[in-house]
Amino acid sequence: MAATWFSAPAPVARRVRAFFAPVNRAAQTPVLFDPSEQGRFSLDAPPAPWINLGWVQDFVRKSASKSAPLMTGIPAAPLEQVRETLEAQVSLQFLSWTKLTMGLATGSQHMNILAPANGAAPAADGAQASPAVIPQSGSTSTSIVLALADAAKFTPGAIIAVDVDYAGQTGYVGTPVAGAYLRQALTDVDYVRRVTFNVALVSQVTANGLTLAEPLPGGVPAMGAKVQTVTGFVDREGGSFYQEWSGLFVMEGSQGERIFFHYPRLQAMAGAEEAVSPLNQKNQGGHSRVLLKGQFLALPVTDPLDGERVACYRSFLPAANALV
Amino acid sequence: MQNAKDSFYMTLRTRLTEINPQRTILVRGTVRPGILVEEAEAPFSQFPSDVFVLRWLGLAIDMDLASTMTGEQCEVVYQTCGTQSFGGLDRGRALSAMDEELMTMIKPFYAPKLNYAATPPAAMLTQVFWDEPVFSPIVTQRDRLSRSATVLVYSYQEQGE
């Protein structure tokens, strides 16, 4: 008779997959992951709005919550335990440098370096930018319709930022992800496009506009959005803004089991830092991979199930036919 | 991976013709730069002297990156008996000259990746890059001095490769 179950040992997994989703800062709403409905999603195609950041390494999660005994009697003996503090931290190394991984791995605003205007005075964050152009109606998340003269300003291989003009507002700015928090009004009309996460690579330029190699994270350009060329990225040590994202980390075991670590609110807790890893361990002086180090503090949410304040959910989906 | 191997070889070959255009070899009736790929020639009973022979050995891959990275181990083998006009007494100098040519050929440590299966060769999106060569000690066999240098050649797999 064929066996219908097996006794599963501890999961055996390789690296950890990381997925992040933007927290709505203005509404203070994190993105939730439901293991009952989404637990078997394809790791290459996560459910929206989770963004796949690929494999990460040196993933370490640490509980810094503290409990203390409530003492009673003579001599004193523990009667109960109480949770004094709730704190958790996550650290990891990203295996790629993208707008999002750089943004996550810096402790403050992460800015786009906009293509400079002719003759603009030098600035550490990038000089005054060349004027933005206006997308025409019919634009999509992967295609930006432009006037002929505007399309001629772009080349295949360029990076673009798509967001609205800065108009003196304060508070969180950037669509669809808050890229900065402004306490006082600025004068730079391009500031929102400097901090926006709504960037993409141009794969093709035609007389009608731009074809993008990847969809814009913000989808169809919003009303009032404009387009500018990005030449690179810059972040700073210092500043008062903290990135906040929802994080989901997945370890897939050799038998198909899955371990999820879901942090509804992760804030970057350290400045930008890199780790260097030699490609050939036998040749420490040879080429080395430069990895972005991310360190995060988990902030609590209130679980509507029972009103408890929690910082992380760990879920486990066992392998098929494994004893539990 | 073949594109990376081809690009590495063609880069060294192009650089060699600039460094020492006199280093040539007659192969199947054609004079070519003095650098060959072992696996692309008829089997050798003994490696030819005074030319560089590339042998592809180990392969390592890292599939956890956004683009798969490959590291291919290339051994560059070369040997010399010196010149007849000096009765072979200049074999040490001749080997040193090949050492220096290889060191010069290898820099800079990167090159564009091209698809040489296309005519003309088609430029690809990434570059091939490699570490410094690790030289082995000289091996002496009678009047023949030989040496090899090992280079790890890295590349990223592109779509369609």
Side-chain angles (χ1 to χ4, degrees), chain A residues 12-20 43-46 51-59 92-102 104-105 155-159 200-204 213-214 249-252 254 275-292, chain B residues 1 4-5 7-8 11-12 56-76 102-103 105-114 122-137 148-161:
Chain A
V12 175
R14 293 179 70 238
R15 288 178 179 165
V16 180
R17 287 286 283 264
F19 305 88
F20 282 78
L43 297 186
D44 294 324
I51 301 168
N52 181 9
L53 293 184
W55 300 100
V56 295
Q57 68 178 38
D58 281 7
F59 173 79
L92 52 86
Q93 293 175 358
F94 292 110
L95 293 173
S96 62
W97 286 53
T98 64
K99 169 69 185 174
L100 187 48
T101 58
M102 287 190 75
L104 288 163
T155 55
I159 303 167
L201 178 75
V202 175
S203 62
Q204 194 178 5
E214 54 198 335
F249 305 96
V250 185
M251 302 172 83
E252 189 163 47
S254 60
V276 176
S277 171
L279 292 185
N280 180 3
Q281 295 298 327
K282 294 177 183 169
N283 181 13
Q284 297 286 323
H287 282 94
S288 293
R289 184 174 289 132
V290 184
L291 303 169
L292 291 168
Chain B
M1 289 180 280
K5 291 159 67 178
S7 299
F8 178 70
T11 298
L12 295 196
W56 292 102
L57 301 174
L59 170 66
I61 59 171
D62 188 343
M63 299 178 71
D64 292 340
L65 305 172
S67 295
T68 297
M69 172 184 269
T70 64
E72 297 173 88
Q73 186 185 27
C74 182
E75 185 184 37
V76 184
L102 180 58
M103 283 190 283
M105 265 193 281
I106 219 82
K107 290 188 291 188
F109 297 100
Y110 57 86
K113 187 158 80 164
L114 278 77
M124 302 185 75
L125 297 174
T126 58
Q127 295 198 120
V128 180
F129 55 101
W130 50 87
D131 274 335
E132 300 93 332
V134 178
F135 290 91
S136 72
S148 69
T150 304
V151 183
L152 262 177
V153 180
Y154 300 100
S155 64
Y156 293 105
Q157 290 292 99
E158 297 183 24
Q159 291 180 32
E161 277 195 290

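Naming convention: chains lettered A, B, ... in sequence-line order (proteins, then strands); numbering from 1 in each chain. These numbers come from the heavy atoms of this one structure, side chains and all, not from hydrogens, waters or symmetry mates.
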Go through the steps to decide whether A:N283 and B:E132 satisfy the test side chain to side chain contact (heavy atoms under 4.5 Å, CB included), and finish with yes or no. CA-CA 9 Å; A:N283 181 13; B:E132 300 93 332; 4.1 Å; yes
Interatomic distance, CZ@A:R289 vs CG@B:L65, rounded to 0.5 Å, equals 4.5 Å
Honestly, the part of A:L279 sitting under 4.5 Å from a heavy atom of chain B is both
- Please say whether more than 12 non-hydrogen atoms of neighbouring residues, nucleotides or ligands are located less than 6.0 Å from OH in B:Y110. no
message: Are there over 12 heavy-atom neighbours, none belonging to A:Q284, within less than 6.0 Å of that residue's CD?
response: yes
Could you go through the side chain to side chain contact (heavy atoms under 4.5 Å, CB included) check for B:D64 and A:R14 one step at a time? CA-CA 10 Å; B:D64 292 340; A:R14 293 179 70 238; 3.0 Å; yes
Here the pair of heavy atoms bringing B:M63 nearest to A:W55 is O-NE1, 4.5 Å
